[in-house]
Each structure stands twice: as C-alpha cells, then as structure tokens.
Amino acid sequence: MGVIGPRIAETELQNTKAVIMTTTSPSRIARPRSQAAFRHAQELIPGGVNSPARAFGAVGGMPVFIARAEGPYLYDIDGNRYLDFIGSWGPMILGHAHPRVVEAAIEAVRHGSSYGAPCERESELAELIIEAVPSIEMVRMVSSGTEAAMSTIRLARGYTGRNKIIKFAGCYHGHVDSLLVSAGSSALTLGVPNSPGVPLGCTADTIVLQYNDCHALAEVFAAQGDAIAGVMLEPVAGNMGLVRPTAEFLRELRRLTHHYGALLVYDEVMTGFRLAYGGAQELLGQTPDVTVLGKIVGGGYPVGAYGGRKDVMRKVMPAGPVFQAGTLSGNPVAMAAGCATLRELNEKRPYAYLDELTQQLVRGLADAATQAGIPHQINHVGSMWTLFFTDTPVVDLPTAQTSDTRRFSQFFWAMMDRGFYLPCSQFEAAFNCTAMTPDHIAQTIAAAREAFQEIARN
Ligand code: KE4
C-alpha cells in the first residue's frame with residue numbers, strides 16, 4: 001500500500017458506506033420531548049448539536065436529549081433510562097456524577113471559576129500526569145483534545161524545523177485543519193474526508209498511511225525521512241471503531257522516528273488513563289516523545305493536555321518560541337475534577353475489573369451473534385470495544401469499512417429501545433465504566449440476544 005495523498009483519501013472515503021439519513025425514526029419508541037427539543041435546537045444550533053458525533057447521522061432517527069446522568073446510567077427527557085456505553089465518548093470511566101468528582105468540582109467552584117492567573121491546582125494535575133506517565137516530563141494544559149493535538153503539531157514542527165506530518169487513515173485527532181484528512185470519528189462517519197474550508201495548503205504536508213502498514217511507513221521514511229517533523233497516531237485506535245496496533249507496527253514507528261529524528265506522538269486523548277493508569281503506552285510497553293491527552297484527564301470537564309520530553313516541551317512559549325495560549329487553559333474547576341478523577345483511578349486501579357467486564361461482554365455478544373447467524377468481529381482492549389458487522393478481521397480503515405453499517409444501525413436502535421446506549425456510529429469505540437457490574441453486562445447480553453434475532457429477520 002503506497003502513500004495516500006489527500007486526493008486519493010477522498011476517493012477512498014467516498015466508498016465509506018452512505019450515511020443513513022432516514023426521516024422516519026428507526027426506533028420503536030416515541031420520544032416526543034426529545035423530538036421537540038431536537039427540532040427546537042435545530043433552529044438555534046447547526047444540526048441541533050454542538051458536536052456532529054451526537055446527531056445520530058450515521059444511525060438515522062433523532063438523538064435523545066439527556067435530562068441527567070448518574071453512575072452507569074443516562075436518563076432522557078422522556079423518562080427513559082439507558083445503560084451508557086458511551087460515557088461522554090470516553091471521559092466518564094468512573095461513571096456519571098461520581099461523588100468524589102462532584103465534591104471536588106463544587107468545592108473548587110466556591111473559590112471562583114477562572115482566574116487568568118496561575119494557581120496551584122494546575123501544578124497538582126500536572127504532577128499527577130507526570131507521575132502516571134513516565135514519558136511525560138513536562139506538560140501543558142489546554143481545553144480540548146483538539147487544542148492539544150493542534151499544539152503538538154506546531155511543537156513538532158517548531159522543535160524539528162521540518163514540516164511533514166504522518167497520520168493514519170481512520171485515526172482522528174480532533175478538528176485540526178492539517179489532520180482532517182482521512183480522519184475517523186464523525187468526520188469519517190459523515191463521509192467528510194477533507195472538510196470544506198480546509199485549503200489544500202493546510203494538508204499539503206500531511207502524509208496519510210494505512211494503520212499497521214509497516215511497509216508504507218518504511219517507504220515514506222526512506223524517501224522523505226529528513227523532512228518529517230512527526231508521526232501522530234492513536235496507539236490503540238478508537239476512531240475507526242477499535243483497531244489494535246501490531247507489535248511490529250509499534251516497533252517500526254519507534255525505530256524509524258528515532259533514526260530520522262522525527263517526533264513520535266501518541267494521541268492518548270481516548271486511551272490515556274483508560275487502558276491503564278499510564279495509558280496505552282504503559283499497556284503496550286512503548287515510549288513516545290510527546291503524548292496528547294484529553295477526556296478522562298478532565299473528569300468530564302474541558303481539559304486537554306500535551307506533554308513529553310523536557311527538551312521538546314521547553315520549546316513551548318513562554319519557555320521557548322513555539323506559541324500556544326488559552327484563556328481557560330488550566331481552569332481551576334476542571335483541574336480539581338481532573339485531580340479527583342486521577343486520584344480515584346490511581347487508588348482503585350480498576351483496570352483488571354474493567355477488562356473482566358469487557359471479556360464477559362465480548363463472550364456473550366459473540367455467542368449471541370453466532371446463534372443468530374450474524375457475521376461479526378469484536379475488537380477490544382481493556383474497557384474499549386467495537387462490534388463490527390463483518391466476517392473480515394478489522395485491522396485498519398479499509399477492513400473496518402467492510403462492516404455492514406445498515407445492520408449496525410438496526411442493532412443500535414434495537415439496543416437503544418431496550419435501554420442500552422451504544423456509540424451512534426460504527427466507527428466509534430464503546431466504553432465500559434467502573435459503575436457497571438457483571439449484572440449490567442448480563443442484562444446487555446440478554447438484550448443483544450433479542451436484538452440480533454430481531455435484525456437477523458430483517
Ligand atoms: P476533543 O477536541 O473532542 O476534546 O478531542 C479530539 C480528539 C482527539 N484525539 C482523539 C483520539 C479523540 O478520540 C478525540 C475526540 N473523540 C471524539 C469521539 N471519537 C469526540 C466526540 C465528538 O467529537 O463529539
């Protein structure tokens with residue numbers, strides 16, 4: 001597989017299964033209050049949502065509007081309860097409204113919400129991150145994963161004096177102009193390869209390869225190694241659905257970036273503090289040069305972060321010349337919630353428990369799908385998993401795209417109507433949380449058994 005330039009990527013992504021936009025709801029349950037709320041929101045907010053992933057564009061029908069969330073549950077404004085396998089797309093590993101996080105945020109907000117001046121809570125969270133992730137010697141807080149990824153691209157270019165960046169098809173790093181090429185997540189689902197508004201100049205220095213393609217990686221470095229500032233990847237990909245890296249891919253990434261003087265950047269916005277307390281890099285035994293964080297690190301509040309080798313991070317202003325700034329960066333309330341979340345995770349180390357829940361779920365789902373004669377692949381790592389509707393092993397974006405997205409949508413709604421909230425796109429990961437019990441998983445499997453039988457008849 002050769003290098004995919006932006007134009008070829010467009011062709012490839014046009015093959016992405018059509019977005020299923022139905023006017024009649026595929027759900028069997030009327031949710032009048034959510035429907036009214038959605039129609040009202042659509043008059044005020046583009047698409048009625050503040051992030052496209054929430055619009056249910058990939059599964060048809062209308063999104064449900066949430067009234068509140070507690071523990072493993074979401075409650076919609078029509079009075080329905082759902083076991084939540086999205087967890088706000090990853091942050092809510094402790095479940096919703098965890099008492100320790102709630103208390104920390106309330107206590108913090110009583111001391112003011114934002115100072116525009118440094119406070120010790122920022123150093124508190126920085127210290128927790130540095131203690132948790134050995135490759136991070138220094139860290140900068142920002143307000144989103146996108147901001148952290150964008151800043152890291154600039155830092156890699158500023159540190160190396162080079163321009164080229166390698167990313168991988170199906171990996172999503174936020175809506176960074178230069179990385180919105182063959183992006184995963186909602187960009188992929190909505191078939192938006194290079195979003196309108198992103199001039200080719202922004203992506204001209206972006207090289208897109210297939211995930212796990214060691215040959216193409218070596219080819220590109222042999223041809224352009226001294227022009228490559230950095231390689232950014234999800235060390236365990238979640239934004240094309242879950243895809244594991246091969247050991248050879250990880251080895252080659254580290255060897256080639258080291259040999260050619262490019263920075264190896266692990267985007268752990270989704271996997272950080274999720275797959276292990278030290279993130280995917282701890283689980284995989286890897287050491288990147290820079291790590292991008294988000295989601296869990298803010299405990300459900302707006303926090304992103306990027307950190308790594310001191311000699312690299314000292315290039316960031318005002319220590320160094322690479323500019324980056326943010327009004328609400330290091331927000332004291334968000335810092336408090338992040339600290340409470342990380343302390344809870346560090347003290348309880350729930351990772352083996354979360355993995356057991358996933359193993360129980362995967363066994364049950366596989367058995368139920370097989371019983372129903374439904375082709376399926378279930379990729380999982382720790383508390384992240386994805387059910388693909390294909391009999392092709394899913395190892396990269398093209399194989400992920402062999403999944404029958406129509407069947408995925410049918411399964412999504414069959415589970416939704418039984419009270420189980422799955423990712424509203426085939427190309428997302430699902431997340432278990434510590435508030436879930438084996439009983440919750442057994443209930444999920446029982447519902448899936450019915451759902452598989454139901455869709456097998458369609
Ligand atoms: P945010 O800017 O959304 O905080 O982070 C962007 C980002 C960066 N890197 C990775 C690996 C990510 O998964 C994300 C965001 N993930 C999506 C869902 N896959 C967030 C959901 C959404 O866009 O609403």
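Computed over heavy atoms, backbone and side chain alike; hydrogens, waters and symmetry mates excluded. When a ligand or atom number is given, it counts from 1 through the structure's own listing order.
- Taking every non-hydrogen atom of Met270 and a distance limit under 4.0 Å, the qualifying atoms of ligand 1 come out as 13 (O), 19 (N).
- With ligand atoms numbered from 1 in the order given, ligand 1 contributes 22 (C), 23 (O), 24 (O) to contacts under 4.0 Å with heavy atoms of Ser51.
- At a heavy-atom distance under 4.0 Å, no atom of Glu147 approaches ligand 1.
- Nearest to atom 11 (C) of ligand 1 by heavy atom, out of Trp89, Phe427, Tyr266, Tyr172, is Tyr172.
- Heavy-atom contacts from other residues, nucleotides or ligands closer than 6.0 Å to CZ of Arg244 number 12 or fewer.
- Contacts of Thr146 with ligand 1, taken as heavy-atom pairs under 4.0 Å, involve both backbone and side chain.
- The residues Arg68 and Glu70 are annotated as salt-bridged, a charged nitrogen and a carboxylate oxygen being separated by less than 4.0 angstrom.
- Residue Leu125 comes nearest to Val297 through the heavy atom pair CD2-O, 3.8 Å, listed as atom of the first residue, atom of the second, then distance.
- Close contacts of ligand 1 with Val269, meaning ligand atoms under 4.0 Å from a residue heavy atom, involve 7 (C), 8 (C), 9 (N), 10 (C), 12 (C), 14 (C).
- A salt bridge does not link Arg100 with Glu103: every distance from a Lys NZ or Arg NE/NH1/NH2 to an Asp or Glu carboxylate oxygen is 4.0 Å or more.
- Checked against a 3.5 angstrom limit, the closest N/O atoms of His173 and ligand 1 fall outside it.
- In this structure, Glu268 does not count as a contact residue of ligand 1, since none of its heavy atoms falls inside 4.0 Å of the ligand.
- Ring geometry for Tyr277 against Phe273 counts as perpendicular: the plane angle is over 60°, on a 0 to 90° scale with 30° as the lower cut.
- For ligand 1, none of its N or O atoms has an N or O atom of Glu234 under 3.5 Å away.
- Residues forming a ring-ring contact (aromatic ring centres under 6.0 Å, His included) with His440 (at least two apart in sequence, or on another chain): Tyr73.
- Judged by distance alone, with hydrogens and angles left aside, the side-chain atoms of Ser383 form no donor-acceptor pair with the main-chain N or O of Asp355 at under 3.5 Å.
- Gly382 and Thr358 make their closest contact through O-OG1, 2.7 Å (heavy atoms, listed as atom of the first residue, atom of the second, distance).
- Distances below 4.0 Å separate heavy atoms of Gly174 from the following atoms of ligand 1: 6 (C), 7 (C), 8 (C).
- Contacts of His175 with ligand 1, taken as heavy-atom pairs under 4.0 Å, are absent altogether.
- For Glu428, a nitrogen or oxygen atom sits less than 3.5 Å from a nitrogen or oxygen atom of ligand 1, counting backbone and side chain alike.
- Below 4.0 Å from some heavy atom of Ala53 lie the following atoms of ligand 1, by number and element: 22 (C), 24 (O).
- For Arg121, the salt bridge (Lys or Arg N to Asp or Glu O under 4.0 Å) criterion is met by Glu107, not counting sequence neighbours.
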